[in-house]
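As the structure lists them, so they are numbered: ligands from 1, and atoms in each ligand from 1.
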Amino acid sequence: MYRDPVESLEPLHHRQAAIRTLRVGMIGIGTVGSGTFRVLARNRADIAARAGRSIELVMVAARDLERAASIVGESVALTADAMQVATHPDVDVVVEVAGGTGPARDWVLAAIAHGKHVVTANKALLAVHGAEIFAAAREKGVIVAYEGAVAVSIPIIKALREGLAANRIEWVAGIINGTTNFILSKMRDEGLDFAAALAQAQALGYAEADPSFDIEGIDAAHKLTLLAANAFGMPLRFADAQVEGITALQGVDVACAEQLGHRIKLLGVARRQATGVELRVQPVLVPATHLMAQVNGSMNAVMVKSDAAGLTMYYGAGAGSEQTASAVIADLVDVARLDGVNAAQHVPHLGVHAHATNALAVVPRAAVHTSHYLRVPVHAVNQIQAIAANLAEWKVPVRQVALAAERPGMGPQVLVLTGPVEQGTLDLAVHALRARAEVAGAVTTLRVESLEG
Ligand code: HSE
């Protein structure tokens, strides 16, 4: 059984309780919501000590009320109407963990309009509608906190906005999707096929409701959009990000990368250039000895290169119920401490610099400057030098050439690692290469990231 919100909230009208307790209304009680409920209950005293007041879940909106009641018991009021939570006078802060970008936008904007703070782990919502949501929140003087939206357990938003506040950030790069990192690790370490690895990630609660967001790189791009806005003070530019997932990645390239001393990871990269910011998600080669290559399973890691602190790196769970709850509750603690404080004292939502808007445009794909890996199918093994010479003719610096280890059913393959070159130049060279008589099929290219200085 569950209780109706109106009657259930009666006890909270005792004035003292209402003043002292931060009253939380939660929309959604799925993976993240149930984890948040559990951790709030389990660590109640510690959380209250850190927040300076108790934090209490008073109302939950859920589609399936019986299921919700089986999770939260009878002490929490339940409703099927999320808007009721967003606008209820007895809710101080709305935790939106339902996901999606349609109704969630309406709930969050309604909560803000009613003067409520918002905590959300919804990266899609913020990447797409963040500009509108943060503007509304600024207007109302309320907080929209979203640590759980990016690399769940890692306090990377706090690190960028507070810990690294002194720095000019040069780049941010990270493994910021747990599902794809889990899939890549399972495929490499256990020889699992893609579909089986994805099914495991779904069963463990790592994947999005629509897992194509994970495997197509969209979820990572949502997070990268938020990281870049915090790092560079640029507006949220999700629509301009270059996004590539892992669905087109072939097992042969995973093996060839290893042969060349590298490992393939789905990386989000935001890098400052003279003309703007590179904003891109794609599978890339990283040196096998690099710390980033050791990040396996559903773990995430983010590296930040900044002028004063230098290179810093942050590591932690990238998906999971209580792992995300950890960040959601940390945001609630911030809200508990800042609620009632002059809004000018709040940490800004993004730190967007109004004057920097044009300078921080997204660099077009053709101008992205990195090293590359090429796999070129050839008719005969002695054609290796001809391939290298042809690339050099097109002004592509060739750093390493090798023949791929033989694989059953596959002809000879020339592997190339290039030095840094603009994507536009590489594209022209690959186009020319494809027309050569020595080349026996499509040329595969992937970026290589050294992740150094
Ligand atoms: N589906 C997401 C991931 C969940 O796998 O990273 C955490 O944002």
Side-chain angles (χ1 to χ4, degrees), residues 28-36 39 95-101 104 119-128 130 145-158 172-187 192 194-228 230 236 238 241 243-247 249 265-269 281-283 292 295-302 314-331:
I29 186 91
T31 305
V32 178
S34 56
T36 302
V39 178
V95 172
E96 185 280 309
V97 283
T101 52
V119 172
T120 180
N122 189 337
K123 53 263 161 154
L125 174 70
L126 296 179
V128 177
Y146 52 93
E147 188 67 71
V150 184
V152 301
S153 71
I154 306 173
I156 187 64
I157 300 299
K158 222 178 222 310
V172 181
I175 295 171
I176 47 179
N177 180 267
T179 300
T180 43
N181 202 47
F182 178 86
I183 293 171
L184 290 175
S185 303
K186 285 279 170 188
M187 289 173 72
L192 233 61
F194 185 94
L198 172 59
Q200 276 195 21
Q202 287 178 290
L204 288 163
Y206 299 157
E208 296 302 295
D210 175 356
S212 66
F213 276 51
D214 297 293
I215 60 180
E216 301 293 357
I218 299 162
D219 176 76
H222 288 147
K223 295 165 179 167
L224 185 69
T225 301
L226 289 163
L227 287 176
N230 279 287
L236 294 160
F238 168 67
V243 187
E244 201 185 317
I246 60 168
T247 47
L249 187 64
K265 292 289 182 189
L266 184 73
L267 219 63
V269 179
V281 171
Q282 74 271 101
M292 196 64 89
V295 177
N296 290 313
S298 61
M299 301 306 280
N300 278 189
V302 182
Y314 311 82
Y315 172 85
S321 172
E322 293 198 1
Q323 292 83 347
T324 314
S326 164
V328 167
I329 296 168
D331 280 345

Going by the atom numbers of ligand 1, which of them fall below 4.0 Å from some non-hydrogen atom of [X]?
X: N177; value: 2 (C), 3 (C), 5 (O), 6 (O)
X: K223; value: 2 (C), 3 (C), 6 (O), 7 (C), 8 (O)
X: E208; value: 1 (N), 2 (C), 4 (C)
X: A207; value: 1 (N)
X: D214; value: 1 (N), 2 (C), 3 (C), 5 (O)

inquiry  = Under the side-chain contact (heavy atoms from CB on, under 4.5 Å) test against N300, which residue among N177, V295, I154 passes?
reply    =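 The passing option is I154.
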Could you identify the single nearest non-hydrogen protein atom to [atom] and state the distance to 0.1 Å?
atom: atom 8 (O) of ligand 1; answer: K123 NZ, 2.7 Å
atom: atom 5 (O) of ligand 1; answer: T179 OG1, 2.6 Å
atom: atom 7 (C) of ligand 1; answer: G318 O, 3.3 Å
atom: atom 6 (O) of ligand 1; answer: G178 N, 2.7 Å

Donor-acceptor contact below 3.5 Å, side chain D219 vs main chain F213
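Flag not set: sc D219 to bb F213 has no pair under 3.5 Å.
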### Message
Using a 3.5 Å distance criterion without hydrogens, assess whether the side chain of S298 forms a donor-acceptor pair with backbone atoms of G178.
### Response
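The answer is no, because no donor-acceptor pair under 3.5 Å joins these two groups.
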Distance only, no hydrogens: is a donor on one side chain within 3.5 Å (strictly under) of an acceptor on the other, for E96 and T120?
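Indeed, the side chains of E96 and T120 share at least one donor-acceptor pair under 3.5 Å.
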Notebook entry, point to check: Taking atom types as modelled and ignoring hydrogens, do the side chains of K265 and N296 form a donor-acceptor contact shorter than 3.5 angstrom?
Noted result: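 A donor-acceptor contact under 3.5 Å links the two side chains.
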query = Within a strict 4.5 Å, meaning less than it, do heavy atoms of the N122 and L126 side chains meet?
reply =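 N122 does not reach L126 side chain to side chain.
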- Query: In terms of the angle between their ring planes, are F182 and Y206 parallel, tilted or perpendicular, with boundaries placed at 30° and 60°?
  - Reply: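 Perpendicular, since the angle between the ring planes exceeds 60°.
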